[in-house]
Amino acid sequence: MTTRHIKCCGMAACLLLTLAACSHRTAQVARAMVLPPMAQVHTVESHQRFLMATPTHDPDPPFPAGARLDGELRLCIGFVVDAEGVVENIVANREGAHCADPADVAALPFLDAVTTTLRSWRYFGAAVCTFPADIDPDSDPRCAGAGVEVEAVPIRLRYEFAFSSERGGRVSRNAARRTSDE
């Protein structure tokens, strides 16, 4: 074997190792529901029960194709789930010190991915159930009993979406904390 042949084989091996390292790069998206700052809180009476909006279709946003990211980007997004369970009034904000500036050019493809995905989300809407005086609200968690009045209500939610790109990791989904305001 010649020295030239050994050098070429060594360069080819280095190139293959570099390509293999790149193939292990993963894109990760996580989300968590958080209480919006300065959230309004509605107090229910002792004969009432609040039913939280429950997602029926809430896929994670995709990691934008072709987007470059070193480290992590957190987008803080507030929206309203209307009485019918449709997401509306989607607004990105910087209400947390760790929230990215939604106007930053680098954040735009990620913001577009989140906004597009949120428009597809659907919920079983939030509601306030009012029970007759002789029925304990704790005895009917679904608000389905006779004489129960169910009033669908809009609810404001806030999520933090964290996009990250890392080598050799795995893609995971963080559990969401379920808090809200009305």
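Just the heavy atoms: all of them, side chains too, but no hydrogens, waters or symmetry mates, feed the values below. Residues take their numbers from the sequence shown, with the count starting at 1.
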**Q** Taking all non-hydrogen atoms of both residues into account, name the closest pair between T117 and P62 and its distance.
**A**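 Shortest heavy-atom contact: OG1-CD, 3.5 Å.
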**Q** Between V153 and L51, is there shared hydrophobic-cluster membership here, with clusters defined by ILVMFWY side-chain heavy atoms closer than 4.5 Å?
**A** no
**Q** So, for A53 and I155, which heavy atoms are closest and what is the spacing to 0.1 Å?
**A**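 Closest approach of A53 to I155: CB-CG2, 4.0 Å.
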**Q** Is there side-chain contact between P64 and D112, with at least one heavy-atom pair below 4.5 Å?
**A** no
**Q** Considering all heavy atoms of both residues, which atom of V87 and which atom of L118 are nearest to each other, and what is their separation?
**A** CB-O, 3.5 Å
**Q** Are L111 and L69 joined in one hydrophobic group, where the rule is that I, L, V, M, F, W and Y side chains link up if heavy atoms are under 4.5 Å apart?
**A**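 Both belong to a single hydrophobic cluster.
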**Q** Over all heavy atoms of both residues, which pair between P102 and L108 is shortest? Give the atoms and the distance, please.
**A** O-CD2, 3.5 Å
**Q** Return yes if some donor-acceptor pair links the side-chain N/O of T56 with the main-chain N/O of R122 below 3.5 Å, else return no.
**A**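 Looks like yes, one N/O pair under 3.5 Å.
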**Q** Could you check L157 against M52 for side-chain contact (heavy atoms from CB on, under 4.5 Å), going step by step and ending with a plain yes or no?
**A** CA-CA 11 Å; L157 300 176; M52 177 64 173; 3.7 Å; yes
**Q** CD of E95 to CZ of R158: how many Å apart, nearest 0.5 Å?
**A** 5.0 Å
**Q** Find the distance between SG (C143) and CZ (F131) and round it off to the nearest 0.5 Å.
**A**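 It comes to 4.0 Å.
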**Q** Between W121 (side chain) and P59 (backbone), is there a donor-acceptor pair under 3.5 Å?
**A** yes
**Q** Are the side chains of R94 and C76 in touch, meaning some heavy atoms are under 4.5 Å apart?
**A** no
**Q** Looking only at the aromatic ring of each residue, does the gap between the centers of F161 and F110 stay below 6.0 angstrom?
**A**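 No, too far apart.
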**Q** Locate the shortest heavy-atom distance separating A106 from P109; write the atom from each residue and the value.
**A** O-CD, 3.6 Å
**Q** Counting N and O atoms only, with roles assigned by atom type, does the side chain of R74 sit under 3.5 Å from a partner on the main chain of A162, one being a donor and the other an acceptor?
**A**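 Looks like no, no N/O pair under 3.5 Å.
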**Q** Which pair of heavy atoms, one from S46 and one from P137, lies closest together, and at what distance?
**A**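 Heavy atoms only, the tightest pair is O-CG, 3.4 Å.
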**Q** If hydrophobic clusters are built from ILVMFWY residues whose side chains come within less than 4.5 Å, do Y159 and V80 share one?
**A** no
**Q** Within the side chain of T116, is there an N or O that forms a donor-acceptor pair under 3.5 Å with the backbone of A113?
**A** no
**Q** Assigning hydrophobic clusters by single linkage (Ile, Leu, Val, Met, Phe, Trp, Tyr; side-chain heavy-atom cutoff under 4.5 Å), is F124 placed with V86?
**A**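 Shared cluster, no.
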**Q** To the nearest 0.5 angstrom, please state how far the CG atom of D58 sits from the CG atom of D60.
**A** 7.5 Å
**Q** N89 vs F79, test: side-chain contact (heavy atoms from CB on, under 4.5 Å). Steps then yes/no.
**A** CA-CA 5 Å; N89 301 331; F79 57 90; 5.9 Å; no
**Q** When rounded to the nearest 0.5 angstrom, what is the spacing between CG in N93 and SG in C99?
**A** 6.0 Å
**Q** Report whether V91 and L73 are members of the same hydrophobic cluster (ILVMFWY, side-chain heavy atoms less than 4.5 Å apart, transitive linking).
**A**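 No.
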**Q** Less than 4.5 Å apart, side chain to side chain, heavy atoms only: is that true for P132 and V148?
**A** yes
**Q** Testing E45, Q48, H47, E149 one by one against T130 for a side-chain hydrogen bond (donor to acceptor under 3.5 Å, both in side chains), which residue passes?
**A**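 Result: among E45, Q48, H47, E149, Q48 is the only option passing the side-chain hydrogen bond (donor to acceptor under 3.5 Å, both in side chains) with T130.
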